[in-house]
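The structure appears right after this line, and notes come after that.
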Amino acid sequence: MAIAELAGKHLVLGLTGGVACYKIAELTRLLVKAGASVQIVMTEAATQFITPVTMQALSGRPVYTSQWDARVANNMAHIDLSREADAIVIAPASTDFLARLAHGMADDLLATLCVARACPLLVVPAMNRQMWQNPATQRNVAQLRADGVTVLGPDSGAQACGETGDGRMLEPGATYEAIASFFSAKPLARRRVLITAGPTFEPLDPVRGLTNRSSGKMGFALARAAQHAGADVHLIAGPVALATPWGVLREDVQTAQQMHAAVMCAVPRADIFISVAAVADWRVAHVSAHKIKKTAAQALPSFTFVENPDILAEVARQPDAPYCVGFAAESEDLERHGEQKRQRKNVPLLVGNLGPQTFGQDDNEVVLFDANGITRLPRAEKQELARALIAEIAQRLPRA
Ligand code: CTP
């Protein structure tokens, strides 16, 4: 997925010795695809785990491994490489490298260019759980944080050594997201954002139900964009087949009633509520406990429906309501229906589009309705649109 924050950025990506070096092949590919230029620097230990040939092919640039590399005209690779960078990312960052970094050592090219840097430094630790928990490592990491170094991860789970615990390197996709998030503007810093996304599923019996064609893509893109903008994001999702955006707290629900309960529980902690979910308007009054059988003797089944709670309207009615943003997919006369719906739901901002043809698509075109009238946003891929929408929301927020 293209991330505009990374286009045109120049990164020094430093590999140190560890099995997780294999993840850096994929990370490099993702960064290059997003439009970043990547200069690989490897410690000697790293070259035992993945070859400079592979890293050169993926980054499209010669790899540096030695302080004594004569390819830089003035023979000062440690200065030149760090001066050109928007950030240095050390991934994987080994126990040994973190220790050297914490002590300001300059005993190989990568360590030297970290000491000589004039740009931000991000480290992505990867090691065995005992090595991570070792008081010396914890002391070094605390020192690095105090020195302004950004520590990404580590993850928890199965390790190459066969043990399980903290210390595993973040997956390449998560590392990439964390780097993109690092470069994003933070207009939502310290804001807590609650988002609903996807369809709901209203059961008829244990195997059948009513749902709709919402894919959840827009809500998930907004959750990701809000996280990148510095918010603390809680995403309540109906049944969708989408990966959780990095750094986002996700809660899965099925029915409108479950979504309603989850939102009401979370809303007292939210500063902003973005209601993207396509909530079913009705559910059947009585869900059959057994599968409804198709017998020749039986008449066609019929169902009595009851109305589901209007989650957005209920949140917006609360005396201490967060800043509420509604969504509306209309099939005709968007301008009239959009403003009417905004007023009916009593929300300061409503995002309208001409659906349902946008369901499941990767791009969208929306119109914003607020007390000042209509703002049109140009057609864009959903992730770009999400970024633009988050910027529009941030602009309209009452001061914290
Ligand atoms: N919404 C909600 N709870 C519902 C229905 C809708 O929170 N039970 C929210 C949606 O998440 C969206 C907004 O309300 O932000 C508008 O949804 P929409 O389905 O367009 O509105 P309805 O009130 O159902 O109006 P319509 O008659 O057009 O379906």
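Every number for a ligand or one of its atoms is a count from 1 in the order of the listing.
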*Is the cationic atom of R71 (NZ for Lys, CZ for Arg) positioned less than 6.0 Å from the six-membered ring centroid of Y64 and within 45 degrees of its normal?*
yes

*Distance-only N or O hit between ligand 1 and A278, under 3.5 Å*: no

_If the cut-off is 4.0 Å to any non-hydrogen atom of P309, which atoms of ligand 1 fall inside it?_
3 (N), 4 (C), 8 (N)

*Under 4.0 Å from atom 19 (O) of ligand 1, is there any protein heavy atom?*
no

*Can E202 and R283 be counted as an ion pair, charged N to O under 4.0 angstrom?*
no

*Please answer: with hydrophobic residues joined when any side-chain heavy atoms are less than 4.5 Å apart, are V32 and V63 in the same cluster?*
yes

*Show your reasoning for whether side-chain hydrogen bond (donor to acceptor under 3.5 Å, both in side chains) applies to S37 and H10.*
CA-CA 5 Å; S37 54; H10 181 63; 2.7 Å; yes

*Please could you name the atoms of ligand 1 that G326 approaches to less than 4.0 Å, counting only its heavy atoms?*
15 (O)

*asked:* Side chains of S184 and E5: any donor to acceptor distance under 3.5 Å?
replied: yes

*Return yes or no for this condition: an N or O of T196 is under 3.5 Å from an N or O of ligand 1.*
no

*Looking at R317, K345, R344, which one forms a side-chain hydrogen bond (donor to acceptor under 3.5 Å, both in side chains) with D310?*
K345

_Does any N or O of ligand 1 fall below 3.5 Å from an N or O anywhere on L312, backbone included?_
yes

_Check contact between R344 and ligand 1, using heavy atoms of the residue and a distance below 4.0 angstrom._
yes

*Could you list which atoms of ligand 1 come closer than 4.0 Å to a heavy atom of A277?*
10 (C), 11 (O)

_Under 3.5 Å: N/O of V325 near N/O of ligand 1_ = no

*Between K382 and D363, is there a salt bridge with N-O shorter than 4.0 Å?*
no

_What protein heavy atom lies closest to atom 4 (C) of ligand 1? Include the residue and the distance to one decimal._
V279 CB, 3.5 Å

*Is there at least one protein heavy-atom neighbour under 4.0 Å from atom 7 (O) of ligand 1?*
yes

*Could you give me the CA-CA distance, side-chain angles and deciding distance for E332 and H337, then say whether side-chain hydrogen bond (donor to acceptor under 3.5 Å, both in side chains) is met?*
CA-CA 8 Å; E332 44 159 6; H337 288 139; 4.8 Å; no

*Going by the atom numbers of ligand 1, which of them fall below 4.0 Å from some non-hydrogen atom of D281?*
5 (C), 24 (O), 29 (O)

*Can a salt bridge be assigned to the pair D147 and R145 using a cut-off of 4.0 Å between side-chain N and carboxylate O?*
no

_To check your reading of the model: name the closest protein heavy atom to atom 9 (C) of ligand 1, its residue, and the distance in Å._
S275 OG, 3.6 Å

